[in-house]
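Since the structure comes first, as C-alpha cells, the remarks are kept for the end.
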Amino acid sequence: MDLGIEIAGIKMKNPVMSASGCFGYGEEYSAFYNLEEMGALVVKGTTLEPREGNLPPRIAETPAGILNAVGLQNPGIDYVIKKELPALKGAGTPVIINIAGNLEEEYLELAKILDPLEEVQGLEVNISCPNVKQGGMAFGTDEKAAGSLVKAIRSVTSKPLIVKLSPNVTDIRGMALAVEKEGADAISLVNTFLGMAIDIHRKKPVLGNLVGGLSGPAIKPLSLRMVWQVSQEVKVPVIGMGGIMTAEDALEFIMAGARAVAVGTANFVNPYSIPEIVKGIRKFMEEHDYEDLSPLVGAAWKGV
Amino acid sequence: MAMLRKAQIIKHDREGPGIYRMDFFSPEVSSRVIPGQFIHLKIREEGYHPLLRRPFSIYDVDNERGLFSILYRVVGLGTRIMAKRQPGELMEIMGPLGAPFTLPEEKGKIILVAGGMGFAPLHFLIKKLLKRNMEAEIILGARKAEELMGENDLVQLGVNFILATEDGSRGFQGQATDLLDKKLREGNYDYLYSCGPYPMLKKVASLALSRGIKGEVSLEEIMACGVGACLGCAYPAKGDKGDLTYKKVCQHGPTFSLEEVSFHNGPGD
Ligand SMILES: Cc1cc2nc3c(=O)[nH]c(=O)nc-3n(C[C@H](O)[C@H](O)[C@H](O)COP(=O)(O)OP(=O)(O)OC[C@H]3O[C@@H](n4cnc5c(N)ncnc54)[C@H](O)[C@@H]3O)c2cc1C
Ligand SMILES: Cc1cc2nc3c(=O)[nH]c(=O)nc-3n(C[C@H](O)[C@H](O)[C@H](O)COP(=O)(O)O)c2cc1C
Ligand code: FES
C-alpha cells in the first residue's frame with residue numbers, strides 16, 4: 001500500500017501537510033515527532049521585509065473555531081533563509097515556503113530569491129491573508145489581479161507554484177480558473193474566513209485588529225464545499241484545508257477532490273494531529289483494500 | 001521529549017468564590033517544572049467546544065508525592081467545565097512550558113507583588129526562594145477580602161506577607177501598587193517579581209524601574225498553540241537592540257524582565 005502522492009512535481013510520502021502559519025518553521029513540533037512523518041511542511045507566511053504583526057489580542061476563540069489576526073508577523077526572507085531553512089535541510093520532508101506581500105514587486109522579488117534554493121521544494125503564494133491592511137487580499141478577491149500576479153510570478157520561477165485562495169469571494173471557481181490559466185501548478189483551498197467577536201463588557205471587538213480569520217472545525221463544511229466545487233473545475237491538483245481535525249475529516253476532503261490536505265488549527269489542540277491523521281488514512285485504506293490514494297481522490301463526485 | 005501526558009486529578013478543592021485548586025499526580029512534571037512555567041491543559045477529551053487548550057501557571061509542587069497544583073478562577077466556559085472535574089479523573093496536560101523566573105544569584109531583599117490570580121506563579125516562586133534562604137516578602141492585592149487567596153499557604157510557609165484590598169475590607173486600603181510604593185520608600189529592595197492584571201504590572205514596572213530595582217513579571221496573553229508555533233500570544237517587548245518587537249508569551253515568556261516589556265501599546269492602553 002502506498003500513501004504517496006505528487007503535487008506539481010513535489011513527491012510526498014503521504015498527503016498530509018502542515019497549513020501555513022500553524023506550524024512555525026517546524027522546530028516546535030519536531031519536539032513531538034519526527035517531521036519525516038509529514039507529507040510536506042509549509043512554513044509561516046514570509047514577506048520580503050520583517051513584519052511586526054498586529055496588536056494583541058491576536059486570538060479569540062469562537063464555538064469550534066478560532067479567530068486569528070496575527071498579521072503575518074515574520075522575520076523577513078533574509079532571516080528565514082539564513083536562520084530557519086538550514087535547520088530544515090535534514091527534515092526529511094519537502095519544504096514549501098508560503099510567500100506574501102502587498103505589492104506585485106514584493107512577490108516577484110521573493111520568488112526570485114527563492115528560485116535557486118535547493119532546500120525549497122515549492123512556493124505557496126498567499127494571495128489571501130485577511131489580516132493585512134493593504135494589498136494581499138485584493139489579489140485574493142479579484143480574478144484579474146490574481147491572474148496577472150500569478151502570471152508574473154510564473155515568469156520568474158521554475159519552482160512548483162501553489163496558489164492559496166481566499167474563501168472570502170463570491171465565486172471561488174472563477175478565482176481558481178483564473179490562477180490555473182496563468183500557470184498555477186496547484187491550488188490550496190482555503191485560507192481563513194473573515195470574522196469577528198465582540199467583548200460586550202468592554203463594548204469593543206475582542207481582537208486588536210478588530211477583525212480576523214476564522215479557522216478550525218467551524219469552517220469545515222464551507223471549505224469542503226469549496227474543494228468539491230473547485231476540484232471538479234480545474235485540472236491542477238487541489239490541496240484541501242479548513243477545519244481538518246481527524247483522518248475522517250481528511251478523507252472527506254480527499255473524496256471531495258483534494259489530492260492532499262493541510263492541517264492548521266488541529267496542531268494547537270493536539271500536537272500529534274498530523275502523524276495521527278496519516279495513520280488514520282492508512283488504516284482506512286487497509287480496511288477498504290485501497291492500494292493507493294488515487295481512486296479516493298474525488299470519489300464523492302465521481303460517484304454522483 | 002514527550003511533553004504531552006495524561007495526569008490524574010488527586011484533589012480538587014474550592015479555595016474561595018469561584019476559585020479552585022487542582023492537584024495532579026505527575027512525577028514527570030513535578031520533578032521538572034520551575035517557578036514561572038505553565039501547563040497547557042486540554043479541557044475536554046472529546047468535542048470541539050472549547051477547542052483550544054487553556055494555560056495555567058504552576059501554583060505548587062510536592063516532589064515527594066509527585067504532585068503539582070494549579071490555582072484557578074472560573075471566568076468562562078473552559079474553567080466552568082474544569083470546576084466540575086472530580087478527583088480520580090484524568091486530564092491531558094502539555095508541559096511544563098515557557099521560560100521560568102530567573103532566581104537572583106546573590107542574596108538580597110526581594111519583594112513580590114501579586115494581583116488577584118497573579119498570586120499563582122508567585123506562590124511556587126516564593127517557596128523556591130525560601131528554600132534558598134532568600135529574604136522575601138509578598139504583597140497580595142485584591143478588590144475585596146473574599147478575593148484574597150492563599151493566605152493559609154503563606155502562613156504555613158512562614159513568609160512575611162501584606163494584604164491590600166481596594167475596598168479596605170482587609171489589610172491596607174488601596175491598590176497593591178499603592179502599598180508597593182510605600183514599601184519601596186521605606187525599605188531597600190534588590191529584586192522584584194510580579195504577576196497580575198496589566199494596569200497593575202505597568203505601575204509596578206514604573207515604580208521599580210524609577211528606583212533602579214530590577215525584576216521580572218509574568219504576563220498573560222490568549223494562547224493557541226502554547227509552544228511558539230502560531231504567534232498568537234505576541235506581546236510588545238524590547239528586542240536585543242532596544243527596538244520594539246513582539247515576543248511570544250508562551251515561549252520567550254511568560255516571564256519577562258521589567259526592562260524588556262513594553263507596557264505601551266499593550267492591551268488595556
Ligand atoms: C501563562 C498563563 C498562565 C495563567 N495562569 C493562570 C492561573 O494560574 N490561574 C488562573 O486562574 N488563570 C490563569 N491564566 C488565565 C487562564 O488561562 C484563563 O483564565 C483561562 O484560559 C480562561 O478560560 P475560559 O475558557 O474559562 O474562559 P474564556 O471563555 O476563554 O474567556 C473568559 C474570559 O477570560 C479571558 N481569557 C481567556 N483566556 C485567557 C488567557 N489565556 N489569559 C488571560 N485571559 C484570558 C477572556 O478574554 C475572557 O474575558 C493564565 C494565562 C496564561 C497565559
Ligand atoms: C494562527 C494562524 C496563522 C495563519 N497564518 C497563515 C499564513 O501566514 N499564511 C497563510 O497562507 N495562511 C495562514 N493561516 C491559514 C491556515 O494556513 C489555513 O489555511 C486555515 O487556518 C484553515 O485551516 P485550519 O482550519 O486547519 O486551521 C493561518 C491560520 C492560523 C490559525
Ligand atoms: S501561543 Fe502559539 S506562539 Fe504562543
Side-chain angles (χ1 to χ4, degrees), chain A residues 18-33 43-45 50-75 131 199 202 204 206-208 212 215-218 220 243 245-246 264-272, chain B residues 1-5 40-55 75-78 92-95 97 198 219-237 239 243-251 253 261-269:
Chain A
S18 57
S20 176
C22 302
F23 210 77
Y25 295 90
E27 193 191 340
E28 289 80 16
Y29 289 102
S30 70
F32 293 94
Y33 57 90
V43 305
K44 173 74 193 161
R51 289 262 182 107
E52 273 198 351
N54 290 328
L55 277 181
R58 293 178 171 184
I59 304 277
E61 189 170 328
T62 56
I66 67 174
L67 290 162
N68 91 81
V70 169
L72 280 180
Q73 179 181 343
N74 80 94
N131 295 328
D199 180 336
R202 288 168 50 241
K204 275 186 185 163
V206 173
L207 293 171
S215 64
K220 198 191 94 183
M245 303 296 284
T246 63
T265 302
N267 296 296
F268 310 154
V269 181
N270 173 9
Y272 294 102
Chain B
M1 182 180 45
M3 289 196 293
L4 203 66
R5 54 179 67 82
H40 217 20
L41 194 63
K42 186 144 180 230
I43 301 292
R44 278 183 193 282
E45 206 160 343
E46 297 279 354
Y48 298 142
H49 189 46
L51 183 64
L52 295 173
R53 292 168 176 273
R54 297 290 190 264
V75 295
L77 179 66
E92 195 191 83
I93 55 178
M94 194 196 281
L97 300 172
Y198 280 109
L219 298 183
E220 284 188 9
E221 198 46 66
I222 310 273
M223 292 182 179
C225 71
V227 294
C230 74
L231 298 168
C233 63
Y235 195 80
D243 48 328
L244 202 63
T245 64
Y246 283 108
K247 292 195 176 170
K248 295 180 252 185
V249 171
C250 71
Q251 199 180 42
V261 194
S262 163
F263 287 104
H264 304 284
N265 288 323
D269 275 310

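Below, chain A is the first sequence line, B the second, and so on; all start at residue 1. What you are looking at is a predicted structure, and each value in this text was computed from that prediction instead of being measured.
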Closest non-hydrogen contact found for A:S20 with A:V43 is OG-O, 2.8 Å
Just give me the residue among A:C22, A:P50, A:P63 that pairs up with chain B most often, heavy atom to heavy atom, under 4.5 Å.
A:P63
Between A:Y29 and chain B, which part of the residue has a heavy atom less than 4.5 Å away: side chain, backbone, both or neither?
side chain
Taking atom CG of B:L77 and atom CD1 of B:I43, what is their separation to the nearest 0.5 Å?
8.0 Å
Main-chain N/O of A:G264 paired to A:N267 side chain as donor or acceptor, under 3.5 Å:
yes
Distance in Å, A:L72 CG paired with B:L231 CG, rounded so as to fall on 0.5 Å steps
10.0 Å
In terms of heavy-atom proximity below 4.5 Å to chain A, should B:R44 be classed as side chain, backbone, both, or neither?
neither
Residue, of A:R58, A:E52, A:K44, A:Q73, that accumulates the most heavy atom pairs under 4.5 Å with chain B
A:R58
To the nearest 0.5 Å, what is the distance between NZ (A:K204) and CG (A:D199)?
9.5 Å
Between B:E92, B:H40, B:R54, which residue shows the highest count of heavy-atom pairs closer than 4.5 Å to chain A?
B:R54
